[in-house]
Asks: 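Pasting a structure here, questions to come.
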Amino acid sequence: MEKPTFTHDLLKTKVLYVSDLDGTLLDPTSQVSAESVRLLNESIEAGAHFTIATARTPATLIGLMRDVNLRLPGVVMTGAALYNFSERRFSRLQFMPPGVTDRLVKLYRKHDTGTFIYTFADDMLKVYHIGELNELEKGFISQRAHTGVKRFIVPPCGESPLPANLDNTLLLYSVQPWLRAKAVYDDIIREKTPVTPLCYHDNFGDDWGQLEMFSPTANKAAAVEDIASQIGAGRIVAFGDNVNDIPLFRLADVGIAMGNAVDELKEIASEVIASNDTPAVADFIRRHTI
């Protein structure tokens, strides 16, 4: 059945607005523009129920969202957890099935492919790494190493001493040459490894791939559904730009694709709005909150 467009009928019940960040709410400089902040805060003050759903961790989100008056938990790490910004607390943690991370480590080593391993302990993310660090990974660490919610346990050589038990793993994340990342992804699909895998191009260009592994129970859609249930929302309006937003669009009553979105997302969207170089998401929410 075709998704409904956003009409006055959808305003008769409580609506949860949920936005992806990179390529969606964030502008091309990877910031929430001052105009977006103003419009979002006006909407929230007027009663709009707004949150975010992103692949990012709170390590960068705390700074990015500091001026937005978020009252709901955000979906982080593509649904591997929720994060309450006011309480600085994780919840709804979706760990890998027992033994799966060890299997994945062996597979990555087989392909001589590095990856970050995100675990959760002592109320914070502890991040390990296997394989040699490439320049993009070094930059990734330097931008995130000084936050209070994430600790990198990664020596200069890139080979971390791994914990004996990796069953508290939330995520494996790699930035690797495309063909290498795709080879790992194809093996995981072929072996039917019990994970939710993602392999896609993003802001590093077509020569590079981002490879992510989550628990089978971790996805943006399931986490957003939980939030909607908690607040009693009868409608979900989602904004996105990339393939990892497809499950969320399939859940949402209304899926709004950015003008800069990939074709696969636009094809299933209820509506396409302006690109992320405008405050299009915040403007849409404000117009439908009045």
Side-chain angles (χ1 to χ4, degrees), residues 3 16-26 28 30 51-61 64-65 73-83 92-94 96 104 115-116 118 125 136 140 169-176 178 181-182 184-186 188-189 193-206 208-228 236-252 254-270 272-273 275-276 280-281:
K3 293 282 187 180
L16 173 62
Y17 296 96
V18 54
S19 178
D20 175 50
L21 285 187
D22 292 276
T24 304
L25 182 63
L26 300 188
S30 296
T51 191
I52 57 173
T54 176
R56 288 177 179 255
T57 74
T60 56
L61 293 176
L64 284 173
M65 304 304 296
V75 179
V76 298
M77 297 178 285
T78 315
L82 297 180
Y83 188 75
R92 199 184 177 276
L93 297 160
Q94 304 295 303
M96 291 286 190
L104 291 172
T115 188
F116 291 103
Y118 284 70
L125 297 171
L136 290 176
F140 182 85
T169 297
L170 292 166
L171 159 68
L172 275 72
Y173 172 74
S174 303
V175 184
Q176 295 287 322
W178 173 251
K182 187 65 163 52
V184 175
Y185 175 83
D186 288 344
I188 285 167
I189 297 298
T193 309
V195 296
T196 297
L198 294 172
C199 185
Y200 56 96
H201 298 294
D202 206 350
N203 53 332
F204 299 118
D206 290 345
W208 292 87
Q210 296 195 68
L211 184 62
E212 302 176 14
M213 301 293 151
F214 301 93
S215 163
T217 60
N219 62 76
K220 286 182 180 181
V224 167
E225 196 167 29
D226 272 6
I227 296 172
I236 296 171
V237 178
F239 303 85
D241 74 306
N242 215 328
V243 292
N244 59 352
D245 296 312
I246 288 175
L248 179 56
F249 271 41
R250 288 176 174 157
L251 166 73
V254 178
I256 309 293
M258 306 303 293
N260 53 284
V262 298
D263 290 341
E264 296 97 316
L265 196 68
K266 288 180 177 178
E267 288 171 2
I268 65 169
S270 307
V272 178
I273 57 176
S275 298
N276 71 317
V281 171

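These numbers come from the heavy atoms of this one structure, side chains and all, not from hydrogens, waters or symmetry mates. Residue numbers run from 1 in the order of the sequence given. Please read all numbers here as calculations on a predicted model, not as lab measurements.
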Asks: Side chain of T196, backbone of S215: donor and acceptor closer than 3.5 Å?
Replies: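 Side chain of T196 to backbone of S215, a donor-acceptor pair under 3.5 Å: yes, one is there.
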Asks: Any sub-3.5 Å donor-acceptor pair from K266's side-chain atoms to G259's backbone N or O?
Replies: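 At least one qualifying donor-acceptor pair exists.
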Asks: Shortest non-hydrogen contact from T51 to G74?
Replies: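 Looks like OG1-CA, 3.4 Å.
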Asks: Please round to the nearest 0.5 Å and tell me the distance separating atom CZ of F249 and atom CG of N244.
Replies: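 Rounded to the nearest 0.5 Å, the CZ-CG separation comes to 10.5 Å.
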Asks: Say whether, by atom type as modelled, one donor and one acceptor occur between the side chain of N219 and the main chain of G79 under 3.5 angstrom.
Replies: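 Side chain of N219 to backbone of G79: no pair is present.
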Asks: With a 3.5 Å distance limit and no angle check, can you tell me whether K220 reaches the backbone of L248 through a side-chain donor-acceptor pair?
Replies: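 Side chain of K220 to backbone of L248, a donor-acceptor pair under 3.5 Å: no, none is there.
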Asks: Compare all side-chain heavy atoms of R92 with those of I227 and state whether any distance is below 4.5 angstrom.
Replies: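 Side-chain contact under 4.5 Å: no.
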Asks: Is M213 close to P197 at the side-chain level, that is, under 4.5 Å between some pair of heavy atoms?
Replies: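 Heavy-atom side-chain distance check passes, below 4.5 Å.
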Asks: Ignoring hydrogens, what is the shortest heavy-atom contact between A223 and L82? Give both atom names and the distance.
Replies: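 That would be CB-CD2, 3.9 Å.
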Asks: Distance-only, no hydrogens or angles: does the N276 side chain make a donor-acceptor pair with backbone N or O of M258 under 3.5 Å?
Replies: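 No, the answer is negative, given that no donor and acceptor are paired below the 3.5 Å cut-off.
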Asks: Could you tell me the separation between the CD1 atom of I188 and the OG1 atom of T193, rounded to the nearest 0.5 Å?
Replies: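 With rounding to 0.5 Å, CD1 (I188) is 5.5 Å from OG1 (T193).
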Asks: Do T115 and L211 come within less than 4.5 Å of each other through their side chains, counting heavy atoms only?
Replies: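 T115 vs L211: side chains apart.
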Asks: What is the distance from atom CE of M77 to atom OH of Y83, rounded to the nearest 0.5 Å?
Replies: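 One gets 10.5 Å once the value is rounded to the nearest 0.5 Å.
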Asks: Using modelled atom types only, decide if a donor and an acceptor are shared between the side chain of S270 and the backbone of I256 within a distance under 3.5 Å.
Replies: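 Between the backbone of I256 and the side chain of S270 there is no qualifying donor-acceptor contact (under 3.5 Å).
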Asks: Sub-3.5 Å donor-acceptor pair from the side chain of T54 to the main-chain atoms of D20, do we have one?
Replies: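 No; zero donor-acceptor contacts below 3.5 Å.
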